[in-house]
Amino acid sequence: KFEQYKSSYGLQLHLFHYLEIFGYKNINTFHGITALLMSSVVGIFFYLLSRYFSIASALIFSATLILSPWIVVFARNLYWVPATWFVPMIISMYYSRSNFASKSSNIKFFIFFILAYLLKMLCGYEYLTTIFIASCVPIVFNMSLEKYGIKLCMIKLSLNAISMLVAFFLAISIHAQSLSQDGSSSLDNIERIFTNAKVRTRTLNPSDINKLC
């Protein structure tokens with residue numbers, strides 16, 4: 001049964017709903033698709049690492065995901081869609097090895113980062129700081145590996161941070177717009193999203209909980 005999410009835009013909900021329209025109604029099918037996406041992410045990690053380093057390095061890194069009970073349990077989860085957690089890191093791994101000073105490379109880096117973060121945020125806002133930090137690791141690593149200057153590294157890290165903020169505001173705007181079906185204004189919906197976040201993450205204030213309800 002598909003119902004509108006309140007805590008996020010719920011992009012995965014829309015995708016699964018369209019699949020249901022085309023006759024895919026078995027929830028195991030949705031689980032399989034989600035798990036396949038996570039498997040594809042591991043495959044991309046393996047390809048990039050074997051290309052840049054060695055097959056042994058790629059196998060070791062991939063094994064940490066394949067053999068992780070936590071990843072295996074959640075790989076098929078329809079709410080989390082864990083594959084989206086790793087897309088920004090894939091973008092970082094791919095483009096952080098490209099020319100640090102190249103304007104065209106940095107533009108592509110920025111655009112694909114926005115799209116990767118937006119994909120994640122439209123599915124949910126969880127773990128954003130962890131995902132951001134993980135996507136910084138290849139940039140810093142390649143700086144030390146290729147002996148790039150601190151200035152060029154900071155440009156890449158800044159593009160990463162700015163793209164995440166841009167994606168966040170885009171996701172919030174899309175999310176707020178999706179809640180406007182009852183005639184409420186965008187500002188009211190943004191306040192509703194903020195109250196929801198407070199209740200879910202850090203507040204036990206009864207007035208906030210009543211306001212959300």
Side-chain angles (χ1 to χ4, degrees), residues 8 11 34 37-75 77 80-173 197 201-202:
S8 67
L11 178 62
T34 308
L37 290 173
M38 185 62 214
S39 298
S40 300
V41 163
V42 177
I44 294 171
F45 276 135
F46 178 84
Y47 168 75
L48 290 175
L49 289 170
S50 62
R51 177 184 171 187
Y52 295 147
F53 302 102
S54 67
I55 291 180
S57 300
L59 283 173
I60 292 170
F61 184 90
S62 300
T64 63
L65 298 175
I66 295 170
L67 301 177
S68 166
W70 193 87
I71 291 293
V72 171
V73 166
F74 286 99
N77 191 284
W80 299 115
V81 194
T84 61
W85 302 346
F86 299 95
V87 176
M89 190 175 184
I90 288 174
I91 299 298
S92 179
M93 289 176 69
Y94 185 81
Y95 278 103
S96 62
R97 285 187 67 91
S98 58
N99 190 342
F100 262 60
S102 169
K103 183 178 180 180
S104 62
S105 174
N106 285 331
I107 291 174
K108 292 177 183 177
F109 189 69
F110 181 65
I111 292 174
F112 282 115
F113 250 142
I114 291 176
L115 294 176
Y117 282 123
L118 185 60
L119 173 66
K120 164 66 189 87
M121 294 180 200
L122 289 178
C123 290
Y125 303 106
E126 295 83 6
Y127 310 127
L128 288 181
T129 51
T130 305
I131 291 168
F132 170 74
I133 292 170
S135 66
C136 290
V137 171
I139 299 173
V140 176
F141 178 76
N142 282 309
M143 179 203 71
S144 61
L145 190 68
E146 305 291 343
K147 296 181 174 57
Y148 289 113
I150 295 294
K151 180 180 178 181
L152 293 177
C153 181
M154 291 304 298
I155 290 174
K156 291 281 190 183
L157 292 174
S158 298
L159 288 173
N160 186 4
I162 295 170
S163 65
M164 188 185 73
L165 291 174
V166 171
F168 180 75
F169 287 115
L170 286 173
I172 289 292
S173 300
T201 56
R202 64 180 178 82

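Along the sequence shown, residues are numbered consecutively beginning with 1. For clarity, every value in this text was computed on a predicted model and none was experimentally measured.
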Side chains of [X] and [Y]: closer than 4.5 Å at any heavy-atom pair?
X: Leu170; Y: Ile114; answer: yes
X: Leu119; Y: Leu11; answer: yes
X: Val42; Y: Phe46; answer: no
X: Lys120; Y: Trp85; answer: yes
X: Pro138; Y: Tyr94; answer: no
X: Leu65; Y: Phe45; answer: yes

Minimum heavy-atom distance between [X] and [Y], given as atom pair plus value:
X: Thr84; Y: Pro88; result: O-CD, 3.6 Å
X: Ala116; Y: Ile91; result: CB-CG1, 4.0 Å
X: Cys153; Y: Met143; result: CB-SD, 3.3 Å
X: Ile90; Y: Val41; result: CD1-CG1, 4.0 Å

Mind listing the side-chain donor-acceptor pairs of residues 121-133 below 3.5 Å, one per line with the distance, residues two or more places apart or on another chain?
unit_1 : atom_1 : unit_2 : atom_2 : d
Tyr125 : OH     : His175 : ND1    : 2.9
Glu126 : OE2    : Tyr79  : OH     : 2.9
Glu126 : OE2    : Arg200 : NH2    : 3.0

Using the six-membered ring of Phe109, assess whether NZ or CZ of Lys156 lies under 6.0 Å from its centre and within 45 degrees of the ring axis.
yes
Ser158 side-chain N/O to Met154 backbone N/O, donor-acceptor pair under 3.5 Å
yes
Partner set under side-chain hydrogen bond (donor to acceptor under 3.5 Å, both in side chains) for Ser135, not counting sequence neighbours:
Tyr117, Asn160
What distance separates [X] [atom1] from [Y] [atom2], expressed to the nearest 0.5 Å?
X: Phe61; Y: Ser50; atom1: CZ; atom2: OG; result: 12.5 Å
X: Phe113; Y: Lys108; atom1: CZ; atom2: NZ; result: 15.5 Å
X: Ser105; Y: Leu159; atom1: OG; atom2: CG; result: 9.5 Å
X: Ser62; Y: Leu67; atom1: OG; atom2: CG; result: 10.0 Å

Mark yes when over 12 heavy atoms from residues, nucleotides or ligands other than Ile55 sit less than 6.0 Å from its CD1; otherwise mark no.
no
Using a 6.0 Å cut-off, check whether atom CZ of Phe53 has over 12 heavy atoms from anything other than its own residue.
yes
Would Ser163 and Phe112 count as a side chain to side chain contact (heavy atoms under 4.5 Å, CB included) here? Give the steps.
CA-CA 9 Å; Ser163 65; Phe112 282 115; over 6 Å; no
Go through the structure and list residues passing ring pair (Phe, Tyr, Trp, His ring centres under 6.0 Å) with Tyr52, not counting sequence neighbours.
none
From the list Asn106, Ile150, Ile139, side-chain contact (heavy atoms from CB on, under 4.5 Å) partner of Ile155 resolves to Asn106
